[in-house]
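For reference, the structure discussed in these notes is given below.
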Amino acid sequence: VQLQASGGGLVQAGGSLRLSCVASGGTFSRYVMGWFRQTPGKEREFVAAITYNGGSTYFVDSVKGRFTISRDNAKNTVYPLMNSLKPEDTAVYCCAVKRSTGVVREGYDYWGQGTQVTVSS
């Protein structure tokens with residue numbers, strides 16, 4: 001499975017960005033899709049996930065109420081929408097595929113390259 005993330009950029013605090021991640025080479029509609037972020041010197045952090053049919057979504061506490069996530073299985077694409085962005089949201093964001101069931105914060109099998117999100121104060 002190959003994953004291509006895009007949509008990052010520079011935004012002012014309080015602004016919004018919509019990222020996207022297109023998957024190829026697998027059966028997208030069967031996968032949990034997750035998003036993670038990482039900043040230099042810190043461990044990679046789970047941000048959000050969406051189940052195979054979009055029926056359930058999960059978020060890290062720090063983004064609850066600000067971020068949403070959706071998917072279009074016909075386009076093999078997942079879309080995190082980040083609202084009310086804060087400088088502490090600055091990170092490289094990457095998407096990942098989870099083929100198994102279980103805790104959505106771990107157990108991902110394939111990872112895409114990241115897209116940089118920078119939030120200025």
Side-chain angles (χ1 to χ4, degrees):
V1 177
Q2 292 79 45
L3 302 169
Q4 181 71 44
S6 61
L10 174 64
V11 63
Q12 289 188 333
S16 299
L17 276 178
R18 191 180 80 157
L19 307 182
S20 64
C21 176
V22 181
S24 61
T27 308
F28 181 78
S29 60
R30 294 182 180 179
Y31 304 144
V32 171
M33 296 299 299
W35 280 86
F36 293 75
R37 63 187 180 188
Q38 190 165 21
T39 55
K42 292 186 177 181
E43 292 188 358
R44 185 169 57 200
E45 177 188 36
F46 168 82
V47 177
I50 185 168
T51 53
Y52 71 101
N53 63 353
S56 296
T57 57
Y58 305 85
F59 300 93
V60 66
D61 286 346
S62 60
V63 309
K64 284 180 181 177
R66 300 189 296 122
F67 289 14
T68 62
I69 188 169
S70 61
R71 67 190 292 161
D72 185 339
N73 286 347
K75 296 182 178 180
N76 288 359
T77 305
V78 59
Y79 304 100
L81 175 61
M82 308 184 294
N83 297 314
S84 302
L85 283 162
K86 304 176 181 180
E88 51 263 43
D89 294 318
T90 295
V92 174
Y93 286 74
C94 64
C95 56
V97 163
K98 179 178 171 66
R99 297 180 297 174
S100 60
T101 58
V103 177
V104 296
R105 294 172 180 262
E106 59 189 32
Y108 286 80
D109 304 288
Y110 301 99
W111 296 82
Q113 94 295 349
T115 184
Q116 176 71 46
V117 172
T118 302
V119 184
S120 63
S121 58

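Not measured: the values here are computed from a predicted model.
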Residues forming a side chain to side chain contact (heavy atoms under 4.5 Å, CB included) with Gln116, sequence neighbours excluded: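 Only Thr90, Val92, Thr118 meet the side chain to side chain contact (heavy atoms under 4.5 Å, CB included) criterion with Gln116.
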Sequence neighbours excluded - ring-ring contact (aromatic ring centres under 6.0 Å, His included) pairs with any residue from residues 44-88: Phe36-Phe46
To the nearest 0.5 angstrom, please state how far the [atom1] atom of [X] sits from the [atom2] atom of [Y].
X: Tyr31; Y: Asn76; atom1: OH; atom2: CG; result: 9.5 Å
X: Cys95; Y: Ile69; atom1: SG; atom2: CD1; result: 9.5 Å
X: Cys94; Y: Gln38; atom1: SG; atom2: CD; result: 7.5 Å
X: Arg37; Y: Arg44; atom1: CZ; atom2: CZ; result: 14.0 Å
X: Gln113; Y: Gln4; atom1: CD; atom2: CD; result: 4.5 Å
X: Thr51; Y: Arg71; atom1: OG1; atom2: CZ; result: 7.0 Å

What closest approach, in Å, do [X] and [Y] show between heavy atoms, and which atom pair accounts for it?
X: Ser16; Y: Asn83; answer: OG-OD1, 2.8 Å
X: Val1; Y: Ala23; answer: CG1-CB, 4.5 Å
X: Leu3; Y: Met33; answer: CD2-CE, 4.1 Å
X: Asn73; Y: Ser29; answer: ND2-CB, 3.7 Å
X: Ala91; Y: Thr39; answer: CB-CG2, 3.5 Å
X: Ala49; Y: Val104; answer: CB-CB, 4.1 Å

In one Ile/Leu/Val/Met/Phe/Trp/Tyr side-chain cluster, 4.5 Å: Tyr110, Val22: no
Co-membership, hydrophobic cluster, residues Val60 and Leu85, 4.5 Å side-chain: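 They do share one cluster, since a chain of ILVMFWY contacts under 4.5 Å joins Val60 to Leu85.
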Side chains of [X] and [Y], heavy atoms from C-beta outward: is any pair under 4.5 Å?
X: Asp72; Y: Ser70; answer: no
X: Val78; Y: Trp35; answer: yes
X: Glu45; Y: Ser62; answer: yes
X: Phe28; Y: Thr77; answer: no

Salt bridge (charged side-chain N to carboxylate O under 4.0 Å, His left out) against Lys64, all qualifying residues, sequence neighbours excluded: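 Lys64 satisfies salt bridge (charged side-chain N to carboxylate O under 4.0 Å, His left out) with Asp61 once adjacent residues are dropped.
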Residue among Thr68, Asp89, Leu19 satisfying side-chain contact (heavy atoms from CB on, under 4.5 Å) with Met82: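 Going through Thr68, Asp89, Leu19 one by one, the side-chain contact (heavy atoms from CB on, under 4.5 Å) with Met82 is satisfied by Leu19 alone.
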